[in-house]
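Okay, so here's the structure we're looking at.
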Amino acid sequence: MTLARRMGSFAESATMEVAGKISQLNAQGKDIISFAAGEPDFDTPDFIKDAAIKAIRDGLNKYTPVAGNDTIKTAIIEFTKNTLGVEYKKNEVITSLGAKHSLYNISQVLFDEWDEVIIFSPYWVSYPNQVLLAGATPVFVNCDPANGFNPDIDDLKSKITAATKAIILNSPCNPTGAVYSNETIRKIAEIAVNDDIYLVSDEIYDAIVYDGAKPLSPVTLGDDVKNRTILVNGFSKTFSMTGWRMGYALGPAEIVAAMVKLQSQATSNAVTPMQFAAAAALKDLSFLQTRLEEFCKRRDAMVGAFNSLDGVTCVNPKGAFYAFPDFTGWIGRKFGGEPIKDSVHLANLLIDHAGVGPVPGVAFGAENYLRFSYALSMAQLEEGMRRLAKFASKLE
Ligand SMILES: *Cc1c(COP(=O)(O)O)cnc(C)c1O
């Protein structure tokens, strides 16, 4: 069989692969606590489920316009105005099958073979692969753990060339949990305006923040910046709606029109009843506060546990639901007489010998790190941290 050449240019989602391995082992009767989850453990709130069921029963089950119906577009526009104080028109909004789908559309309509796209590393696994699938070249810029994993602006400046088409931002960030400082966002925006570069701002975790952190959206920095930014958001994380596949993008009408054109030949509209449910979701975020408090307790327990381990350091994440500890101090040490080689090796040792399942950092471009999600119960989390400490005590 000969697959299309483009299939060789990118990789399968590594996080989904590890999560698959862990659930397969658990199905075989192994007891592995999975820290690989890329989704909240909380269920979708009832009022959103009710809105979906009502839409289905009311017969709202037909195609809608490709970018979404008026109800969801209006709800997104109002929500964005209320939360960011920024106004969009209806032809500047598109809903899609998840934020990932919106990001895919953006990469397909904006990036050419001769383009370079800046990605801050550690990065969400799909950014480089979507850029590669568009035929463009990902260019990585470091985030400094000593500076709360904020993007290194000097490194950014050194990586910009005449071919730089866009910069992808993700604050709060998956995997590091970093909320970029206002100063960092302002500097990135200034560079984008001066050098005529687009910004793709993935704000999917914007509501999942702790310690009073307030992520700054570049679209709030005036029209110069807004007119070159495509803001991506969705319902998966804030509203625990990962399986419903609802996301959206806001941006210049010309880019949105191109995304609509592409989507019209690929998938058409986002699922119709889910558009109505998502519109209802945006009207009431009051359920979120108790969930954030729970996430915050877990974060504190987890980060404390990591920093109490010899050879491990963990930056305190200000958003999302992941900790991203640095295990450099464990690399080269021996477990069962065998030196630990890298993050993949360490993750496999933990899965096979400690009953703990993280995602290797190399999947996010950060060798020697592991990503641990805290979207699991406190009891499981604490048991997992005990197992990790026991593993640590066996290191030679
Ligand atoms: C989960 C996630 C997405 C995709 O979310 P969907 O709306 O479910 O497609 C996008 N970006 C980041 C950083 C994520 O973690």
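Read the numbers this way: they start at 1 and go in the same order the structure lists the ligands and their atoms. Values in this document were obtained by computation on a predicted structure and should not be read as measured data.
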Under 4.0 Å between heavy atoms, the region of H101 that gets near ligand 1 turns out to be neither

for atom 15 (O) of ligand 1, nearest protein heavy atom and its distance come out as Y205 OH, 2.6 Å

Logged contact type for Y248 with ligand 1, heavy-atom cut-off 4.0 Å, is neither

A99, any N or O under 3.5 Å of ligand 1 N or O = yes

among protein heavy atoms, the one nearest atom 14 (C) of ligand 1 is K237 NZ, 3.0 Å

Checking heavy atoms under 4.0 Å, the part of S236 that sits near ligand 1 is side chain

Quiz item: Would S181 and T184 count as having a side-chain donor-acceptor pair, cut-off 3.5 Å?
Solution: yes

Sub-3.5 Å N/O-N/O distance, Y127 and ligand 1:
no

among protein heavy atoms, the one nearest atom 5 (O) of ligand 1 is I204 CD1, 3.7 Å

(request) Please work out whether the ring planes of F391 and F335 are parallel, tilted or perpendicular, with thresholds of 30° and 60°. (result) parallel

message = For residues F47 and I53: do they belong to one hydrophobic cluster (side chain heavy atoms under 4.5 Å, members Ile, Leu, Val, Met, Phe, Trp, Tyr)?
response = no

When only distance counts, is N174 in polar contact with ligand 1, meaning an N/O pair under 3.5 Å?
yes

Relative to each other, are the rings of Y210 and Y374 parallel, tilted or perpendicular (30° and 60° limits)? tilted

Within the 4.0 Å heavy-atom cut-off, what V232 brings close to ligand 1 is neither

| said: For ligand 1 and K100, I'd like to know whether there is a polar contact (N/O to N/O, distance under 3.5 Å). | reply: yes

Quick look: F235 vs ligand 1, heavy-atom contacts under 4.0 Å, and the answer is neither

Do the charged groups of E294 and R291 touch, with an N to O distance under 4.0 Å? no

